[in-house]
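Just so we're clear, the structure is a prediction, and the values are computed from it rather than from any experiment. Below, all heavy atoms of this structure are taken into account, side chains as well, without hydrogens, waters or symmetry copies.
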Amino acid sequence: MHGYFTDQRHEALRQRVRDFAESEVRPRIAEMEASRSVCHDLSRLIARQGWIGATVHRAYGGMGAGHVAKTLIIEELSRVSAAMGAMVQASQLGVAKIVHFGSEEQKKTWLPAIASGDCLPTIAVTEPQSGGHVLGMSSTAVRDGDDYVLNGRKIYVGNSHVGDLHGVVVRTGEGSRGLSAFLVESGTPGFRVGEQQPAMGLHGFSFGELFFDNCRVPSANLLGREGDGLSVAYSSSVLYGRPNLTAVSLGIHQAVLDETTRFCTERQRYGKPLADLGNIKLKLGRIQSRLLLARLSAYHAVHLLDQGLPCDAELMNAKLVNVESALESARDAMDIHAACGLFTDRPVERFLRDAHHIFAPAGTSDIQLLRLGELALGRAQGDWSSRLADLLRLEPSEWPEEDEVPDEAPVEPPATVRAESTTPTVPGQRTGPAHQHSRFARPR
């Protein structure tokens, strides 16, 4: 991908993430697999690297690096630990609602804290009785003076047990215009997190339940306007959820190939390495072919996203291709490992378990095919990449190359905040440049 979808700045970031994943994440995998519970310390350590703010403008303390950079961050973490890749993608998904629908005050309050890693955001939409049918939700918010009172329950919330700021979509009226979104801080009275349940894979990551029992939040925490909840949910899922999960699958897929080729090179049969057997080469060839296609679809889609070009279909297709191909390749890897793959001293069985977890969020493969079929028939709806193009588009940075960047390079804020004070509104947080020098800028 280097030279077309990525440049030297992207690849330097990739190497930093890869080095971090090898030194800080890999040594903790055995502990996460054994405990099968959320890894709070590692989640915070990763967040403090600034990577949750990949798509946050530098004026709010973020990297301002865009969706290609976000994708490679998630991919490289997922190559080592899909659980930690899932953790990062879930909070990057939580960023979307504020970037797209947040007021200027909400952005100034929360984006610097998110970018610095002191606040992990989530998004909570799914409910037990309605599942992926967003309009079937029954959780409510009722206006009471200057507050809203929330009641209900959400499930499968990524980063449920480490999240600090939950973006909750609930019902404030009837029909498709009767959904609204609110920001709920984790310490709010009436809010609680359910007990973490053991899952098949992604050990170290949490995706649990949130409960709201007369949970009172100020009206200032409303995202956008009343009735924008469906737009918040759908745009976040399409523009962040699908590419983020695509990147997790891509990282798993690369790990499958790396581990399986290593196994085939080391393992001996008939006096020679497994890799010399024709049937093994065929299976490895299928894995490699799928991975090449999956990587191309993933980076092509987010490249279009960074250009502000219509790409809803490409984002759907990338998720479909990556999820399905990662699962197929993980099964081929299990075939090659045979009985060796059944034991936890080798990671291949973990790859397969983790890959299954990426299937359902942001729409199963059938959902992606359904939407692509509607596109083929000329009945596609949403077109979120076009509707929010001005918030997604990246422009070439005017900053110099890395070895020429001064320690305190000035960052011009977007037009909406230039005339306002840049004094942090969250104690200890920055609204100026991120601690990592970024080479990217959003349009002004």
Side-chain angles (χ1 to χ4, degrees), residues 38 43 52 67 70-71 74-75 77-78 81-97 120-128 130-134 136-137 153-163 166-169 194 196-197 199-210 230 232-253 294 297-298 301-302 312 315-327 330 351-372 382 384:
V38 63
S43 297
I52 307 299
H67 290 268
K70 172 166 62 70
T71 293
I74 300 171
E75 179 196 350
L77 287 169
S78 300
S81 167
M84 290 301 102
M87 187 283 295
V88 169
Q89 77 80 25
S91 275
Q92 288 174 334
L93 171 61
V95 168
K97 61 187 181 293
L120 285 172
T122 78
I123 188 166
V125 178
T126 307
E127 297 187 0
S130 56
H133 177 41
V134 177
M137 70 172 60
R153 173 187 177 196
K154 298 292 180 180
I155 59 172
Y156 310 141
V157 178
N159 281 344
S160 53
H161 288 67
V162 297
H166 306 280
V168 186
V169 179
Q196 186 177 3
Q197 300 296 320
M200 176 174 71
L202 296 184
H203 300 150
F205 173 63
S206 63
F207 52 104
E209 296 182 83
L210 306 181
L230 191 64
V232 171
Y234 280 174
S235 63
S236 297
S237 178
V238 172
L239 301 177
Y240 276 69
R242 285 170 180 161
N244 289 7
L245 293 161
T246 292
V248 177
S249 288
L250 183 59
I252 295 172
H253 204 163
S297 68
V302 290
D312 286 33
L315 294 169
M316 297 173 199
N317 190 58
K319 205 242 175 188
L320 170 69
V321 168
N322 274 269
V323 166
E324 292 296 329
S325 62
L327 283 167
F351 299 154
L352 180 58
R353 287 188 286 107
D354 290 347
H356 276 289
H357 277 258
I358 314 305
F359 177 78
T364 65
S365 294
D366 280 350
I367 291 294
Q368 312 307 329
L369 289 169
L370 178 66
R371 298 291 177 249
L372 290 169
W384 289 107

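Under a 3.5 Å cut-off, the side chain of Asp354 and the backbone N or O of Gly201 do not form any donor-acceptor pair. Side-chain atoms of Arg353 come within 3.5 Å of backbone N or O of Met200 as a donor-acceptor pair.
A search for ring pair (Phe, Tyr, Trp, His ring centres under 6.0 Å) contacts involving His203 returns nothing, not counting sequence neighbours. With sequence neighbours left out, Glu127 forms a side chain to side chain contact (heavy atoms under 4.5 Å, CB included) with Ser130, Met137, Ser138, Ser139, Lys154.
Rounding to the nearest 0.5 angstrom, the gap separating the CG atom in Leu120 from the CD atom in Gln92 is 10.5 Å. To the nearest 0.5 Å, atom CD of residue Gln197 and atom CZ of residue Phe207 are 10.0 Å apart. In this structure, the separation between CG on Leu77 and CE on Met84 is 9.0 Å, given to the nearest 0.5 Å. Taken from NE2 in His357 to OG in Ser249, the straight-line distance is 12.0 Å, to the nearest 0.5 Å. In this structure, NE2 in His161 is found 12.0 Å from OG1 in Thr122, a value given to the nearest 0.5 Å. Taking CD1 of Ile155 as the start and CG of Leu210 as the end, the distance is 10.5 Å to the nearest 0.5 Å.
Minimum interatomic distance between Pro121 and Ile52 (heavy atoms only, all atoms of both residues): CD-CG2, 4.4 Å. Of all heavy-atom pairs spanning Trp384 and Val238, the tightest one is CD1-CG2, 4.0 Å. Considering every non-hydrogen atom in both Ala247 and Thr71, the closest pair reads CB-O, 3.6 Å. Here the closest heavy-atom approach between residue Asn159 and residue Ser91 is recorded as ND2-OG, 3.0 Å. Across every non-hydrogen atom of Ile123 and Val157, the tightest pair is O-CG1, 3.8 Å. Nearest approach of Ala298 to Leu250, heavy atoms of both residues: CB-CD2, 4.1 Å.
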Give every donor-acceptor pair under 3.5 Å between a side-chain atom in residues 317-326 and any protein atom, sequence neighbours left out.
| from | atom 1 | to | atom 2 | distance (Å) |
| --- | --- | --- | --- | --- |
| Lys319 | NZ | Ile358 | O | 3.2 |
| Lys319 | NZ | Phe359 | O | 2.9 |
| Lys319 | NZ | Pro361 | O | 2.7 |
| Lys319 | NZ | Gly363 | O | 2.8 |
| Asn322 | ND2 | Ala294 | O | 3.0 |
| Asn322 | ND2 | Ser297 | OG | 3.2 |
| Asn322 | ND2 | Ala318 | O | 2.9 |
| Glu324 | OE2 | Ser365 | OG | 2.5 |
| Ser325 | OG | Val321 | O | 2.6 |
| Ser325 | OG | Asn322 | O | 3.3 |

Discussion item. Let's go through Gln89 and Tyr240 carefully: what are the C-alpha distance in whole Å and the side-chain angles of both, what is the deciding distance for side-chain contact (heavy atoms from CB on, under 4.5 Å) to 0.1 Å, and is it a yes or a no?
Written reply: CA-CA 8 Å; Gln89 77 80 25; Tyr240 276 69; over 6 Å; no
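Looking at Lys70 and Val302, their side chains never come closer than 4.5 Å, going by heavy atoms from C-beta outward.
Aromatic pair His253/Phe351: centroids not less than 6.0 angstrom apart.
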